[in-house]
Number of protein chains: 2
Amino acid sequence: MNADWLQQVFEKESQESAYRTGDFIFRLGDAPRYLYLVVSGEARAQRYSPDGAEIVMQRARTGELFAEAGMVAPRYSCEGYCTQPARILLIPFDKLRARIQSDGEFALRFSQFLTLSLRRQCARYERLRLKRASDRVLHYLNCELTGLAGADLELDIPLADWADDLGLEPETLYRTLAALEKQKLIRREARGRRIHLVGAGQACGT
Amino acid sequence: MNADWLQQVFEKESQESAYRTGDFIFRLGDAPRYLYLVVSGEARAQRYSPDGAEIVMQRARTGELFAEAGMVAPRYSCEGYCTQPARILLIPFDKLRARIQSDGEFALRFSQFLTLSLRRQCARYERLRLKRASDRVLHYLNCELTGLAGADLELDIPLADWADDLGLEPETLYRTLAALEKQKLIRREARGRRIHLVGAGQACGT
DNA sequence: CGTCGCATTGATATCGCTCAAATCCGGTGG
DNA sequence: CCACCGGATTTGAGCGATATCAATGCGACG
């Protein structure tokens with residue numbers, strides 16, 4: 001179950017907005033009105049520490065919910081903006097609430113969707129608790145290959161973005177991949193765009 | 001909204017089990033039957049990579065859901081066990097589903113609960129993307145102090161566990177705290193059990 | 001009083017970050 | 001078709017932060 005389903009349900013009742021890099025989606029103190037679903041691009045929520053340092057609270061990419069906590073808070077305590085040109089679906093909270101309360105089937109689906117989002121976030125967290133770069137990469141490959149029946153992983157994101165997700169520098173990720181290939185734990189094809197995890201292919205949902 | 005609410009709703013329809021360290025909660029391949037809510041202790045879900053290395057998929061502590069992905073998967077692709085003596089509430093999925101579908105108010109509450117869980121997990125992830133230990137500690141303090149109106153943070157967990165959450169070694173966390181105190185960014189009281197974030201106190205939910 | 005777990009401190013090794021530069025590649029315009 | 005440009009990838013060298021290993025302190029508790 002991916003986000004397309006949610007998108008279709010609210011096609012009529014919500015609007016899709018286009019944002020440019022740096023555009024604000026909401027600001028500190030705003031009253032939350034929408035659940036945001038990132039259709040493409042990347043959105044980010046951040047607040048500032050007392051000394052002015054940026055504190056990233058959330059990053060959301062294609063197919064992910066954004067600022068979902070607005071559903072339970074009266075005010076945003078952070079600001080939301082785009083780090084890349086993005087298209088975002090704005091689902092009005094009142095419509096969403098009404099739907100959850102009145103449509104049992106939808107409520108179940110939505111809960112399951114949240115559950116999957118939670119699972120993914122959880123895996124990301126556990127991944128970054130690993131200290132060695134190679135462990136993080138392996139964890140990632142193991143997870144992303146879920147259900148792909150041993151298929152290769154097609155990378156649709158630049159190396160730099162991937163590194164960012166893994167909490168590594170691009171150079172480190174590159175060197176790690178090279179090392180893993182030398183150890184024959186992975187095979188890279190198509191100029192590094194496709195990665196084959198040697199002797200792998202288990203699912204990894206809970 | 002904390003987990004107590006969920007616990008109360010299912011008091012009658014679910015059982016609370018006690019586990020010892022190392023006890024299995026479910027095994028690889030089992031058909032998911034319960035949503036687990038950790039009342040105390042710690043539960044962990046893990047699978048194994050092709051070469052036999054453990055891959056932690058989820059850790060859940062007091063007040064957190066565990067193996068919630070079972071709600072959408074026909075089989076567990078990992079095993080769940082306890083790393084500490086734990087009490088866990090077993091909420092039957094069929095009862096939960098029925099409730100979500102039939103009780104709109106509950107469905108909304110449950111969605112909000114999942115939403116908050118997602119928010120927390122998200123913050124943890126972003127925290128570990130920070131590379132410097134001091135940044136992780138500061139991010140943690142900023143987040144945990146949410147809504148406490150500038151209150152101090154009472155630590156109810158051992159230093160080692162906290163370090164684990166932050167993806168650091170206990171020694172590193174200790175030294176980092178000492179350094180932060182020397183820089184007067186935090187103050188420690190009560191033998192390190194209480195921490196005051198100097199000049200802080202903003203909320204940090206999205 | 002002894003010991004057990006956890007906090008604290010020190011010394012060293014290691015890994016990933018940083019800065020710098022070369023290379024590759026796709027796209028663009030002549 | 002070819003030369004050129006810009007961004008991403010690749011490679012190198014050195015440094016710094018954190019992990020690791022080791023040891024000590026210290027309070028709770030039997």
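Since we're looking at a predicted model, the values are computed, not measured. Per chain, numbering begins at 1; letters A, B, ... match sequence-line order.
- If you find the closest nucleotide of DNA chain C to Leu159(B) and to Arg136(A), the one lying nearer the 5' end belongs to Leu159(B).
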Got a list of side-chain donor-acceptor pairs under 3.5 Å for residues 26-40 of chain A, not counting sequence neighbours?
unit_1   : atom_1 : unit_2   : atom_2 : d
Asp30(A) : OD2    : Arg27(A) : N      : 2.8

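- Atom pair Ile157(B):CD1 and dA7(C):P shows a separation of 10 Å (rounding to whole Å applied).
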For nucleotides 26-30 of chain D, list the nitrogen or oxygen atoms of the protein found under 3.5 Å from its nitrogen or oxygen atoms, one pair per line.
none

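- To the nearest 0.5 Å, atoms CG (Leu180(A)) and CG (Leu141(A)) are separated by 8.0 Å.
- Taking five base pairs at each end of the helix from dC1(C)-dG30(D) to dG30(C)-dC1(D) and finding the rotation axis that steps the C1' atoms of four pairs onto the next four gives two axes whose angle is 30°, to the nearest 10°.
- The residues Glu13(B) and Lys95(B) are annotated as not salt-bridged, no charged nitrogen and carboxylate oxygen being separated by less than 4.0 angstrom.
- With sequence neighbours excluded, the residues that form a side chain to side chain donor-acceptor pair (under 3.5 Å) with Arg59(B) are Tyr125(A), Glu126(A), Asp164(B), Asp165(B).
- Using a distance-only test at 3.5 Å, with no hydrogens or angles considered, no donor-acceptor pair links the side chain of His139(B) to the main chain of Leu128(B).
- Residue order along DNA chain C, read from the 5' end via each residue's closest nucleotide, puts Ala160(B) first among Ala160(B) and Ala133(A).
- Taking atom CZ on Arg193(B) and atom C1' on dA7(C), their separation rounds to 10 Å, with Å as the unit.
- The distance between atom CG of Leu128(B) and atom P of dT18(D), rounded to the nearest whole Å, is 13 Å.
- Asp23(B) places a side-chain N or O within 3.5 Å of a backbone atom of Arg20(B) that can act as its donor or acceptor partner.
- Between Phe10(A) and the choices Trp5(A), Phe110(A), Phe106(A), the ring-ring contact (aromatic ring centres under 6.0 Å, His included) rule is met once, by Phe106(A).
- Only Glu171(B), Tyr174(B), Arg175(B), listed by number, bring a heavy atom of residues 161-184 of chain B to less than 4.0 angstrom from any atom of DNA chain C.
- Arg136(A) places a side-chain N or O within 3.5 Å of a backbone atom of Leu166(A) that can act as its donor or acceptor partner.
- Between the side chain of Gln58(B) and the main chain of Ala67(B), a donor-acceptor pair closer than 3.5 Å is present.
- For Arg187(B), the salt bridge (charged side-chain N to carboxylate O under 4.0 Å, His left out) partners at least two apart in sequence or on another chain are Glu189(B).
- Of the N and O atoms on the side chains of Glu68(A) and Thr115(B), not one donor lies less than 3.5 Å from an acceptor on the other residue.
- Rounded to whole Å, the distance from CZ on Arg129(B) to P on dC17(C) is 12 Å.
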